[in-house]
Every structure is written in structure tokens, then in C-alpha cells.
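Single-structure report; data block below.
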Amino acid sequence: MFRQFREEVEAALSAALSSLDLPDDDLGVEEPPEDVPATLASSVAFRLAGVVGAAPPSVAADIAEEISVDGYDYLAAVDTQGPYVNFHVTDAYYDDTLTAAAEDVEYGRLPSTGDSVVVEHTSANPTGPVHVGRARNPIVGDAVANLLDFAGNDVERHYYVNDAGRQMAVFTWAYETFDEDDLDSEPDRDRIEYDLVRYYQKGNAFLEEADPDEVEAAEAEITEILQGIEEGDEETYARVETVVDQVLGGMRECLARLPAEFDEFVKETRFMFDGRTRDLAERLKETDQAVYEEDAWQLELDEYDIEKNLVFLRSDGTSLYTTRDLAHHEWKFDNYDRAVTVLGEDHKLQAGQLRAALDLLGNDVDKLENVIFSWVNLPGGLGMSTREGTGVMLDDLLDEAIDRAREEVETRMEDRIRNDDLDEDDIERIARQVGIGAVRYDIVSKQPTKSITFEWDQALNFEAQSAPYIQYVHARCCGITDEAAAAGLDASDVDPSVLDTDAERELLRVIARFPAVVEEAADDLEPHTIATFARQFAEVFNRFYRECPVLSADDEEVAAARLALVESSKHTVANALDIIGVEAPESM
RNA sequence: GGGCGCGUAGCUCAGUCGGACAGAGCGUCGGACUUCUAAUCCGAUGGUCGCGGGUUCGAAUCCCGUCGCGCUCGCCA
């Protein structure tokens, strides 16, 4: 309803300004502070004061006077408070919000845009277990995908697998060269990628520490693997994929715990074998920006403010990661209306070169959008690295989160009032939902551009401003709706006007805003604003919960209307949580 | 050194496409469970929005400078 109201406000204000012969290019429509009893306001009078030659409050009064609310469904009245023009809603605004939200379990979902969007995220090289430094990518990526889906797009989630690069060649060589006996540690966990990463680490250590002769021999083998892939040699490909598929399989299991799941794992070798990479390199050579320097084909991107040349063919004629990624992206453009990529800030330059090169090749690069996130560090400024084996593993973080949540559930079980007979399975379910939810919320609720210092106690705080705080609201809603069903209370035909307390009105106002919050978050690709909304929503709901009894309300009409409000709340909070990838427990 | 990002309460963070007194949580201190679940709620405490200039009726927000931190500047990915 908020979205429609905003449109009405803009139309009414714009019309008034026109009839006063004032410019309406900047309406200055904004949300007023909490203590102002208006739903929207405009600061346009400040800007027009100079034009009119009067003080802002006087201009505001003139504008308010000129605005007609006739013919609008939700715009009830206009008044001023000093220089601000304030806009108030009709009862229909509240009525329609309650009806829409209470009846629709998908409340907040926007109408279809008709666009297909591919969201690529994570895409970590299959070198070993997922650590927390990388975990920001699947968590943010999954939320971005959910958000775009909820905003009406047809979304596919892709994981781009770098199976043709040097790292995988090193891994393959190490896997084939070393034996279990050569390794000096046991796997940290009984899953394939924890087993195999030891070969990768061993191989890298060897390349750094072994005698130069031995290193040279190893490098020759690695180069042979890379060239085999480049030439499309099936046997070499099979050797590499043996490693890739095993490690990726393990990483996939880990990511599924979040859960972050994918519609497709797109391997870069695919764009080598089908000839797209070669064709693309030929087209790049034809551009005016292509130069052949130091035996390698490069692209000069000065006109895109990128000083560094992009090498797209090595002196031995083989392709580079970015060359293959260019072919990958043209494939995306062929198959989707929009392409969103979630990537770490260390890939920013590469992403800029990619966009520039795609533009040179005549693609509409407006279809390509990036979400860039900064690093997650360990306390003390330590980084995380798979090659060096440093960092907190995502599996360990999730286990610890679930363990702490289980302890919490068991402690609370003793003085639990509600008599709904939770069994062992419930305890385990709640521990998992709360533990993993807390981790996800901790990460998804922050702006991706800011770097994060990972701290256990911070991430696993189960109180306010955390996932459990919000999940608890959902559980409370479910508790009420269950009781209401048992008591035969019906919320299908209610009179919204009986909801007249501040707490009830405030709750309806927040619910009404939800679709607009989804819209804005999707436009900006900022799922963290959904997390902020969910927290604010939970605060407002808790006030309602405290002040407005539902089942024991004074009369049946109020009880029914409040029940509808609880249904609305349940849908709103469930959907907000769903977007940020946090489960909504029915009891906890 | 060049480019990009970040700097808001003791700590972790919202707010940043200029607008109403800069907001939460944690922490500290003090209150509220015979009540639809207290993972809750209420109150107190806490700020030169890194620093210095500028633009503006108005700046945490825009511009310039400066300091600190991170990323980046491979025929790696």
C-alpha cells in the first residue's frame, strides 16, 4: 500500500506545483521522523523558497493549500509543520494493508517483471573447505538471489567453476604426485575436500621449498596439464575433473548447510571446448584497442579509466581466466535479461576490465551488475587462506553455532511456560534454525562494502539485533494463530477500524511499508536493508504483543481483527526472513 | 607511489542519491514473568559522525585536502 500511497503523493504534489507554476523536478518526498504523525512528507518548500521569494513555511502552506486529495484512495489529508508538507493516509490504507497481508502468505512479493536474472555467487576455486572469509559470498549471494526473486524476477543461481586455471593444475599434479604417506596431517573433518586439500597445500609448499630442479620438473608437469586443457585433450580433462568434482562435491555439501544451493555449476572449460573463448579472442584482436606487445595480445582500456592493459592471450597463445570469463558473460547475455555477480573486492579491477571489454565487443553492459563485498578478517587482523591453511572453517562455525544454540534451548526449556511438548527432534531443529540463522543474520545484516572482523561471541549472540530475536517474533505469531485455531477464532471477515491503538496502527504502518522495502532493496541490490527492516518490524511487533492481547481481547471483533494483524505479521516476518535466508521457526 | 573501498557511542553496526533533535544492539546500572512463549519489555548511561577546509537556507551524507586501515596495481585466479 505504501508504494501506491507514494505514487499518489507524488502525483498530487506534482499537480499542485504545476498549477502554482512551480518546478516539480525534485519533489523532496521522504519519510518523516517517527514522532511526526504523517506517513510521507516533502521538503520541497525549502528549495522553492528562493523561487517564490517567501519563507519556506509560507511556501509550504501555499502548496498544501493547493493540493487536492480528491480522487485518491489512500491520500486523506495534507497539512504542514513548519517548512514541511505532510501527507496523511486514509482508513482504506490500513484496511487494504490488513486484508492484503493477512490473506496472502506471499505478502510483499512484487508483480512479475518478466525479466530473467542470473545471479552468480561464491564461485570459489575448488581448492578446499569453505572458510569464513569466503562465507560472505554465499550468504550475501543467496540473499541477493532471494531478493530478486521476491521482487518479481525469474532467478537462476549459478556457481562458476574455475576448472581450467593454474590452481587446479597444481592441485591435479599434487594429487597425482603425493601419497597419503607424504602428508603430515590428518584431515580435520571426514569429508572429501578436507582430505584432498592436504595435497593442494602439500603441493604449494613443495613448489615454494623444494630444490629448484625438482620445482622445475613439477612446473613442467603443471604446464603440461594446462596445455592439455587448452587443447581440449580429453584425458587431461578427465584427470583434472577427478579432483575438481570431488572437492566441489564436498564444498557443495558445506554450502548446502547454509543453505546455499545452485541451479547450475557452470565450468569454464565449457567455454573453451565449445570454441567460444577462441572466437571471442579473435573478435578482441579486431578491436581498435587491441595491441600485440611483448608477444602477447592485450587490450588498452584507457578510455575506461583503466590504466592496466588486459592481456587476453598469453605469448604461448593460451587464454586467461578473464578471456574465458568474457565468453562466459556473453553466454549469460545470450540467455538472460540481467546478470548479477557477487564477488570479493579483490576482484574489483578484474570486474572493471571485464565490463570494459564486454562493452568494446558491443554488449549492453547495463545488463551486468556487481555486488562487491569486503573481506572477513580474524581478530588481530589475520586473514584467511586455503593455500596456507589459515582461517575458521564454515563447517566449524556452523557446528559451534548449533552447539551453542542447543545449550541455549536446553537451558530455556526448564522455565518454559508454553506447554507444547517439544521433543528431542524439536530441540535439534530449533538449535539448527537458530544457530545457522544467527550466523547468516550476522553477515547479511551488514553492508557488504564494509570489512568485518569475525568474532564468535558477536556472531553467536542470540539476543536483540540477531536472527533469534526476529525468529522469536515468528514463533510468537505461530503460537497465537495455533491457539486461535484451537479456540475457533476466525479472522476472515474483520473490521480493521477497531484496531485503533498506537501499537496496532504502528504495526500496520510497518507492514504496509514491506513491499516498498523489498522494491528498494532489490533496486539497489542491498539485502541488508531487509535485515534492518526485519529487526525494526520485530521491535514494533513486540510492543503490540505486550500491549494488545489477542485471544483474551475485550470483545470478539477486536480479537478477530487482532488475529488478522497477527496473520499479517506472520507473513511479513516470514517473508523478510526468507529473503535473507533465515528460517522462520514455528516454535522455539 | 597510483586506483578503489572503509572510518559514526567503550565494542559491533544502521543511517550516506543533502533535510525535522545522529539511531539500534552489546556492555554497565536499575526495574517488569499467577499473562497469547521473558530468546521479551521499560528506564538510565554513553557521540568533536577520523581530522581540516569548502559548497548550501541546511552536511554524517556532496567537493577539496589530510591521517589511519583494507583491497588492488601478474602472460595468477
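Here is how names work: the chains are called A, B, and so on, in the same order as the sequence lines, proteins then strands, and each is numbered from 1.
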Identify whether any heavy atom of [X] sits under 4.0 Å from a base atom; if not, whether one sits that close to sugar-phosphate; answer base, sugar-phosphate or nothing.
X	value
A:Phe462	base
A:Leu422	nothing
A:Cys478	nothing
A:Val473	nothing
A:Val434	base
A:Ala41	base
A:Leu320	sugar-phosphate
A:Ser43	base
A:Tyr545	base
A:Asp35	base

Interatomic distance where [atom1] belongs to [X] and [atom2] belongs to [N] [whole Å]:
X	N	atom1	atom2	value
A:Arg355	B:C4	CZ	C1'	15 Å
A:Glu31	B:G18	CD	P	16 Å
A:Gln465	B:A39	CD	C1'	15 Å
A:Leu343	B:A77	CG	P	16 Å
A:Glu34	B:A14	CD	C1'	13 Å
A:Asp524	B:C17	CG	C1'	9 Å
A:Asn125	B:C76	CG	C1'	10 Å
A:Leu349	B:C4	CG	P	12 Å

So if I take every side-chain heavy atom of [X] and compare against [options], which nucleotide ends up nearest?
X	options	answer
A:Thr532	B:C36, B:A14, B:A77	B:A14
A:Glu520	B:C21, B:C6, B:C17	B:C17
A:Arg476	B:C13, B:U40, B:A77	B:U40
A:Arg47	B:C4, B:C57, B:C71	B:C57
A:Glu539	B:A20, B:U72, B:A24	B:A24

A:Tyr545 six-ring centre to A:Arg476 NZ/CZ under 6.0 Å and within 45° of normal: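 Yes, a cation-pi geometry.
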Opposite nucleotide pairing with B:U48, Watson-Crick or G-U, both atom distances under 3.5 Å: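 Result: none.
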Watson-Crick or G-U counterpart of B:U40, or none if no pair lies under 3.5 Å: B:A32
Please determine if a side-chain N or O atom of [X] lies less than 4.0 Å away from the OP1 or OP2 oxygen of [N].
X	N	value
A:Tyr441	B:C13	no
A:Lys450	B:G7	yes
A:His528	B:G15	yes
A:Arg546	B:C41	no
A:Arg324	B:A77	yes
A:Asn542	B:U40	no
A:Arg166	B:G74	no
A:Gln350	B:C76	no

Position toward the 5' end of RNA chain B (nearest nucleotide), A:Val550 or A:Ser42: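 Checking each residue's closest nucleotide, the 5'-ward one belongs to A:Ser42.
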Contact nearer the 5' end of RNA chain B, comparing A:Leu313 with A:Glu586: A:Glu586
Syn/anti state for B:C26 [syn: chi within 90° of 0]: anti
Quick one about [Y] and [X] (side-chain donor to acceptor, distance below 3.5 Å, no hydrogens or angles considered), yes or no?
X	Y	value
A:Asp316	A:Thr318	yes
A:Glu268	A:Tyr321	no
A:Thr269	A:Asp163	yes
A:Thr501	A:Arg562	no

Those residues that, when tested against A:Phe271, pass ring-ring contact (aromatic ring centres under 6.0 Å, His included) (two or more places apart): A:His328, A:Trp331
Distance-only donor-acceptor test (3.5 Å): side chain A:Asn86, base B:A20: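 Such a pair exists between side chain and base.
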B:C36 base / A:Asp482 side chain donor-acceptor hit below 3.5 Å: no
Ion pair check, A:Arg278 and A:Glu230, cut-off under 4.0 Å: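 No, this pair does not count.
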Side-chain (A:Arg324) to main-chain (A:Met272) donor-acceptor, under 3.5 angstrom: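 It does not hold such a pair.
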